[in-house]
Amino acid sequence: MSLRRILKSRGELRIHENLDELSTDLVEYISELSEASVKERGAFAIALSGGSLIGLLGRLCEAHYNKTIDWAKWYIFWVDERVVAKSHTDSNYRLAKDGLLSRVPIISSHVHSINDSLTAEDAASEYEFGIRQLVKTRVIDVSDISDCPKFDLILLVMGPDGHVASLFPDQPALAMKDEWVTFITDSPEPPPERITFTLPVINSASNVAVVVTDGSKAEAVHLAIDDIGSDCPSLPARMVQPSKGKLVWFLDKQAASKLHCVQLSE
């Protein structure tokens, strides 16, 4: 496997030659975190994103991982969700169910999706309430520096505009401090109504992985990771900085092509 690992103030960079190698490394990373979390506290609370991520997780369905991963200890959440029916093609739940969850032996009651019959505001409130109950029972750990949930792993993807979850540039949701889950009704990308984790929740996780592929996102990767001047726009992805957890970027070489550290090494 051709892999460059670079440590920066913005986390660990894992730069891959192609999507196949990135997928292999990402799945092994998740498997190792799952094993460590189950051994340490008896559960693995993971929050998924949508988009291209699920396709990269397909190797988790292979027989090898069915034998090595303790699926009964997995608890699944979503970093963000579109407020549409679960059967809708825009649903992150449907994407994950079709591409991963229906193909591995995860306990159905451990899959925590939004109530798709509610408004965006009510769905966000109910989702946060459910997470708070699971923090009380320590299905989800709790941050030792705030009351935020401490997910074992939050998986993010980044858009060309630098958004992560459904936290888009220059939107009020970026500034929320007290809410764990919020909602938006004017997403720049369709569909407009969504729920999303807030930055305090993302930054309280034990591990955060940001997965970025394709050259169309290279400029946003540069702005999110490289040391840039204070006059440059602060993208949502740049605001991802776990308080005490570990941040890892999984990049293909096209997405990493404008990083200073990559250009200097070529």
Side-chain angles (χ1 to χ4, degrees), residues 10-11 47-56 77-84 88-96 113-114 116 118-128 131 148-149 151 154-205 208-226 228-243 247 249-251 255 258:
R10 291 285 298 130
L48 304 175
S49 294
S52 60
L53 175 69
I54 301 302
L56 295 171
F77 302 84
W78 276 265
V79 177
D80 68 322
E81 179 58 284
R82 290 85 177 269
V83 183
V84 296
H88 196 284
T89 54
D90 286 334
S91 167
N92 285 341
Y93 167 82
R94 176 181 170 178
L95 182 66
S113 56
I114 70 166
D116 60 358
L118 300 177
T119 65
E121 182 175 8
D122 289 345
S125 296
E126 185 180 274
Y127 205 56
E128 177 172 327
I131 291 172
C148 279
F151 285 89
I154 288 181
L155 289 171
L156 300 172
V157 292
M158 187 187 76
D161 61 354
H163 84 268
V164 291
S166 284
L167 298 170
F168 293 90
D170 304 318
Q171 288 214 337
L174 287 169
M176 292 191 168
K177 304 295 184 186
D178 299 323
E179 295 86 350
W180 291 1
V181 183
T182 190
F183 70 100
I184 60 174
T185 57
D186 57 351
S187 167
E189 297 181 1
E193 296 193 349
R194 300 164 177 235
I195 67 102
T196 182
F197 282 5
T198 58
L199 281 169
V201 170
I202 293 171
N203 287 331
S204 294
V208 178
V210 187
V211 182
V212 194
T213 62
D214 193 72
S216 65
K217 301 169 186 175
E219 179 64 19
V221 169
H222 158 63
L223 294 174
I225 295 176
D226 277 330
I228 56 176
S230 58
D231 57 335
C232 289
S234 187
L235 303 182
R238 194 172 182 89
M239 300 178 187
V240 174
Q241 188 66 65
S243 306
L247 174 62
W249 298 79
F250 288 84
L251 310 169
K258 292 188 178 181

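The structure presented is a predicted model; accordingly, all values stated were derived computationally and were not measured.
Listed by chain and residue number, nothing satisfies the salt bridge (charged side-chain N to carboxylate O under 4.0 Å, His left out) test with Glu193 (two or more places apart in sequence, or in another chain). Looking at residues two or more places apart in sequence or on another chain, you find a side-chain contact (heavy atoms from CB on, under 4.5 Å) between Leu95 and Ile54. When the side-chain contact (heavy atoms from CB on, under 4.5 Å) test is applied to Arg10, the partners found at least two apart in sequence or on another chain are Ile225, Arg238, Gln241, Leu247, Trp249. Remark: Ser113 pairs with Lys86 by the side chain to side chain donor-acceptor pair (under 3.5 Å) rule, at least two apart or across chains. Taking Asp80 as the reference, Ser166 meet the side chain to side chain donor-acceptor pair (under 3.5 Å) condition, with sequence neighbours excluded. Not counting sequence neighbours, Asp170 has no partner by the side-chain contact (heavy atoms from CB on, under 4.5 Å) test. Leu235 pairs by the side-chain contact (heavy atoms from CB on, under 4.5 Å) definition with Ala220, Leu223, not counting sequence neighbours. The ring pair (Phe, Tyr, Trp, His ring centres under 6.0 Å) check on Phe77 picks up His112, Phe151, with sequence neighbours excluded.
Across all non-hydrogen atoms, the minimal contact from Pro200 to Ser204 is O-OG, 2.7 Å. Contact detail for Ala173 and Leu167: the closest heavy-atom pair is CB-CD2, 3.8 Å. Minimum heavy-atom separation, Arg94 to Ser91: N-OG, 3.1 Å. For the residue pair Arg82 and Asp90, the shortest heavy atom distance occurs at NH1-O, 2.7 Å. Across all their heavy atoms, Pro160 and Ser216 have their closest contact at CB-O, 4.0 Å.
Listed by first and then second residue, the salt bridge (charged side-chain N to carboxylate O under 4.0 Å, His left out) pairs that reach into residues 214-223 are Glu219-Lys258, sequence neighbours excluded. Every pair passing ring-ring contact (aromatic ring centres under 6.0 Å, His included) that includes a residue from residues 168-195 is listed here, sequence neighbours excluded: His163-Phe168.
With hydrogens and angles disregarded, no donor-acceptor distance shorter than 3.5 Å links the side chain of Glu128 to the backbone of Glu179. The backbone N or O of Thr182 sits nowhere less than 3.5 Å from a side-chain atom of Thr196 that would complete a donor-acceptor pair. When atom types are taken as modelled, the side chain of Glu81 and the backbone of Ile195 share no donor-acceptor pair closer than 3.5 angstrom. Side chain of Tyr127 to backbone of Trp78: a donor-acceptor contact under 3.5 angstrom is found.
Contact check for Ser49 versus Asn92: no side-chain heavy atoms found under the 4.5 Å cut-off. Using a 4.5 Å heavy-atom threshold, the side chains of Val83 and Thr119 count as separate. Considering only heavy atoms from C-beta on, Val164 stays 4.5 Å or farther from Val157 through its side chain. In this structure, Pro188 and Gln171 have side chains that are in contact, with non-hydrogen atoms separated by less than 4.5 Å.
For the atom pair Glu126 CD and Leu118 CG, the distance stands at 5.0 Å (nearest 0.5 Å). Separation of atoms OG (Ser243) and CD1 (Ile202) is listed at 11.5 Å; rounding is to 0.5 Å. Going from atom CG of Asp178 over to atom OG1 of Thr198 covers 9.0 Å, rounded to the nearest 0.5 Å.
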TODO: Dump the intermediate steps for side-chain contact (heavy atoms from CB on, under 4.5 Å) on Val211 and Leu156, then the final yes or no.
DONE: CA-CA 6 Å; Val211 182; Leu156 300 172; over 6 Å; no

Open item on the list: Show, in sequence, the C-alpha distance, side-chain angles and deciding distance for Phe250 and Val210, and conclude whether the side-chain contact (heavy atoms from CB on, under 4.5 Å) test is met.
Closed with: CA-CA 6 Å; Phe250 288 84; Val210 187; over 6 Å; no

